[in-house]
Amino acid sequence: MTESRSEVTADPAPIPERLGVYRIESLLGRGGMGEVFLAWDELLERHVAIKRVWSGRGPRRARFLREARAVARLDHPAIVRIYHVLERDDGDCLVMERIEGRELSALIRVDGLEPGRVAALGAEIAAGLAEAHVHGLVHRDLKAANVMVDTSVHVKILDFGIAK
């Protein structure tokens, strides 16, 4: 969930202490469209990840809300769960499940992967994508950086931002 900041021209907003009922604990990463925080949900007493997108009021906001609605309809173990949307002037926020683990890209780069593990992870990714396709959703930006592998070695597909 860490990305390059090279595409962002404006300085990002400072890390907030709170976003709604969520207390921000740390910054997980920044990218060209926004940033991701680890937060504590004080109402439900659980950790969440919050993706704040610098969406403005036009097409980016519409795309953000389309992603949120589409992914929130999905219920599959290989797809990140969406809990809430916060519409804010300083960036709309997508509140989702926290995934403890590493990006697939980091696993490949650091550890490499055995063929059997590649097959198992690939099957999980394919099952998640099949579920999205059943609901008429195509990811369109699937890459190793948009797949997390959790501590129990299962995948979670992230970032449906340019899905159709």
Next on the checklist: Could you see if Ile99 belongs to whatever hydrophobic cluster contains Val153? Use Ile, Leu, Val, Met, Phe, Trp, Tyr and a side-chain cutoff under 4.5 Å.
Outcome noted: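 They do share one cluster, since a chain of ILVMFWY contacts under 4.5 Å joins Ile99 to Val153.
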Next on the checklist: Are Trp40 and Met96 connected into the same hydrophobic cluster when the rule is that any two of I, L, V, M, F, W, Y join if their side-chain heavy atoms are below 4.5 Å apart?
Outcome noted: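 Met96 and Trp40: separate clusters.
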Can you name the closest pair of heavy atoms from [X] and [Y] and give their distance?
X	Y	answer
Gly128	Ile79	O-CD1, 3.2 Å
Val36	Ala49	CG1-CB, 4.4 Å
Val85	Ala68	CG2-CB, 3.5 Å
Leu86	Gly20	CD1-N, 4.5 Å
Tyr22	His84	OH-ND1, 3.0 Å
Arg52	Pro16	NH2-CD, 3.8 Å

Pairwise side-chain contact, [X] with [Y], heavy-atom cut-off 4.5 Å (strictly under):
X	Y	result
Glu124	His154	yes
Asp150	Met148	no
Tyr83	Arg81	yes
Ile24	Leu19	yes
Asp141	Asn146	yes
Leu94	Val53	no
Ile82	Val95	no
Glu35	Leu27	yes

Do [X] side-chain atoms and [Y] backbone N/O form a donor-acceptor pair below 3.5 Å?
X	Y	value
Asp92	Leu65	no
His133	Gly136	no
His135	Leu137	no

Item to check | Pair Glu97 + Lys156, salt bridge at N-O below 4.0 Å | outcome: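 So Glu97 pairs with Lys156 through a salt bridge.
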Checklist entry - Is the closest basic N to carboxylate O distance between Asp159 and Lys51 below 4.0 Å? => result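 Answer for the salt bridge query: yes.
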Item to check | Donor on one side chain, acceptor on other, His47 and Glu25, under 3.5 Å | outcome: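 Judged by distance alone, the side chains do pair up.
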How far does [atom1] of [X] sit from [atom2] of [Y], to the nearest 0.5 angstrom?
X	Y	atom1	atom2	value
Leu121	Leu113	CG	CG	6.5 Å
Cys93	Ile50	SG	CD1	6.0 Å
Leu43	Glu45	CG	CD	8.5 Å
Ile125	Leu104	CD1	CG	5.5 Å

Checklist entry - Between Ile15 and Phe37, is a side chain to side chain contact (heavy atoms under 4.5 Å, CB included) present by the stated rule, with each step listed? => result CA-CA 9 Å; Ile15 297 173; Phe37 302 103; 3.7 Å; yes
Next on the checklist: For a side chain to side chain contact (heavy atoms under 4.5 Å, CB included) check, start with the C-alpha distance between Val21 and Asp41, then their side-chain angles and the critical distance, and finish with the verdict.
Outcome noted: CA-CA 6 Å; Val21 299; Asp41 180 340; 4.0 Å; yes
Checklist entry - Does Arg140 make a cation-pi contact with Phe160, if we ask for NZ or CZ under 6.0 Å from the ring centre and within 45° of the axis? => result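 No, a cation-pi geometry is absent between Arg140 and Phe160.
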